[in-house]
2 protein chains.
Amino acid sequence: MTSATDIKQLLQHHGIQPSVQRVAIAEHVLATDRHPSADQVLQEVQRKLPVVSRATVYNTLKLFVEKGLLRQYQIAEGPTVYDANIERHHHLIDEETGRVIDIPWDAVEVKNVEGLEGFEVDSYMVVLRGRRRDGS
Amino acid sequence: MTSATDIKQLLQHHGIQPSVQRVAIAEHVLATDRHPSADQVLQEVQRKLPVVSRATVYNTLKLFVEKGLLRQYQIAEGPTVYDANIERHHHLIDEETGRVIDIPWDAVEVKNVEGLEGFEVDSYMVVLRGRRRDGS
DNA sequence: CTATAAAATTAGACATTGTCTAATTTGGGA
DNA sequence: TCCCAAATTAGACAATGTCTAATTTTATAG
Ligand SMILES: [Mn+2]
Ligand SMILES: [Mn+2]
Ligand SMILES: [Zn+2]
Ligand SMILES: [Zn+2]
């Protein structure tokens with residue numbers, strides 16, 4: 001449960017003025033484990049708060065990324081998606097639905113990244129393609 | 001060295017009519033270890049063959065992907081890129097230049113992908129972010 | 001409380017990337 | 001050579017994202 005006041009405080013602690021629009025956007029995008037695109041966020045938010053513009057959604061998502069509240073990825077076909085999970089983790093793309101699913105960092109093991117010759121690596125993730133197994 | 005006749009045979013062996021445009025596109029896109037976008041391919045090819053249209057470049061790249069001559073990725077910011085390296089391998093995104101660099105499959109080791117609970121995995125790659133080390 | 005200025009929001013223009021259609025051109029084979 | 005299916009093409013259209021200039025909202029100084 002993240003109440004509206006909690007959201008406001010969270011934004012303020014990150015140096016973000018909690019306007020009505022920003023709180024509404026935060027409530028949706030920070031609470032989901034989906035990986036919505038900017039236009040999906042716009043659709044969702046407009047149901048609760050009809051007076052929000054496309055420009056504000058794009059501006060706000062960018063702001064949240066800059067302030068470290070969100071990550072932004074371009075991993076599958078289609079538009080940039082936003083990710084409220086800011087811990088390091090991997091991603092699986094469901095090839096049937098196109099949906100991006102979080103995979104815990106320790107679910108797979110990646111070795112020898114530090115020893116990679118000729119490169120300095122800041123971060124990495126495994127991107128998998130497949131599908132959910134039936135009972136899941 | 002991949003000569004024009006070699007290219008023609010390669011296309012024919014993949015069931016592709018080797019038109020002038022397709023050969024010109026193949027010469028560029030199959031010979032590079034860069035990861036060009038469709039519009040980059042268009043720019044390059046038009047220098048040698050001014051009579052090639054945007055539609056043909058998009059159509060041809062799609063055809064090459066369907067026929068297994070090319071891979072298509074959406075890994076970094078920006079447009080879809082095409083990859084002549086059809087062996088499995090990983091990718092590093094140079095954060096300074098934005099360039100995508102191939103990393104050999106055995107340069108890093110990924111474990112426990114088969115044991116991933118709840119998912120069936122068809123393929124995977126490690127996507128790293130960083131930069132070339134000075135003398136490289 | 002009111003005035004002022006800065007910050008936030010907005011509509012819509014614009015750019016880029018990609019798809020599609022309908023018309024034209026090309027070229028392989030009878 | 002002729003025919004016709006395949007290939008190419010220009011340009012319309014759609015989706016995604018950026019930018020600008022005008023308007024609205026909000027914080028705060030007086
Ligand atoms: Mn995620
Ligand atoms: Mn590659
Ligand atoms: Zn809640
Ligand atoms: Zn060569």
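On a predicted model such as this, the values are computed, not experimentally measured, just so you know. The sequence lines fix the lettering, A, B, ..., with proteins before strands; numbering per chain opens at 1.
- Atom CZ of Arg131(A) sits in a crowded spot, with more than 12 heavy atoms from other residues, nucleotides or ligands closer than 6.0 Å.
- Taking CZ from Arg132(A) and CD from Glu96(A), the interatomic distance works out to 11.5 Å, rounded to the nearest 0.5 Å.
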Run the side chain to side chain donor-acceptor pair (under 3.5 Å) check on Asn85(B) and His35(B) step by step: do they pass?
CA-CA 9 Å; Asn85(B) 182 352; His35(B) 297 75; over 6 Å; no

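- Side-chain proximity of Ser19(A) to dG18(C), dT9(D), dT9(C): nearest is dT9(C).
- Taking atom CD on Gln46(A) and atom P on dT9(C), their separation rounds to 14 Å, with Å as the unit.
- Per the geometry, CD1 belonging to Ile16(B) stands 16 Å off C1' belonging to dT8(D), to the nearest Å.
- A donor and an acceptor atom, one from each side chain of Thr80(B) and Gln74(B), are located under 3.5 Å apart.
- If you find the closest nucleotide of DNA chain C to Arg22(A) and to Ala55(B), the one lying nearer the 5' end belongs to Arg22(A).
- In this structure, CG of Leu42(A) is placed 15 Å from P of dT18(D), rounded to the nearest angstrom.
- Among the atoms of the strands shown, none is found under 4.0 Å from any heavy atom of Ser37(A).
- Taking atom CD of residue Gln12(B) and atom C1' of nucleotide dA7(D), one finds them 15 Å apart after rounding to whole Å.
- Within a heavy-atom distance below 4.0 Å of DNA chain C, the residues of residues 56-64 of chain A found are Thr56(A), Asn59(A).
- Looking at heavy-atom distances under 4.0 Å, Arg54(B) makes contact with a base.
- Protein atom CD of Glu77(B) is 17 Å distant from nucleotide atom P of dT16(C), rounded to whole Å.
- One interatomic measurement links the two molecules: CD of Gln21(B) to C1' of dT24(C), which rounds to 13 Å at whole-angstrom precision.
- OP1 or OP2 of dG17(D) sits under 4.0 Å from a side-chain N or O of Thr80(A).
- Between the C1' atom of dG18(C) and the CD atom of Gln74(A) lies a distance of 13 Å, rounded to the nearest Å.
- When rounded to the nearest whole Å, the span between NZ of Lys8(A) and P of dA27(D) equals 10 Å.
- Residue pairs meeting the ring-ring contact (aromatic ring centres under 6.0 Å, His included) criterion with at least one partner in residues 36-72 of chain B, sequence neighbours excluded, are absent.
- When each of Val20(B) and Gly78(B) is assigned the nucleotide of DNA chain C bearing its nearest heavy atom, the one mapping closer to the 5' terminus is Gly78(B).
- Interatomic distance, CD1 of Ile16(B) versus CG of Leu63(B), reported as 4.5 Å (0.5 Å rounding).
- Distances were taken from every side-chain heavy atom of Gln17(B) (C-beta onward) to each of dA10(D), dG28(C), dA8(C); the shortest belongs to dG28(C).
- Qualifying side-chain hydrogen bond (donor to acceptor under 3.5 Å, both in side chains) partners for Glu44(B), counting only residues two or more places apart in sequence or in other chains: Arg47(B).
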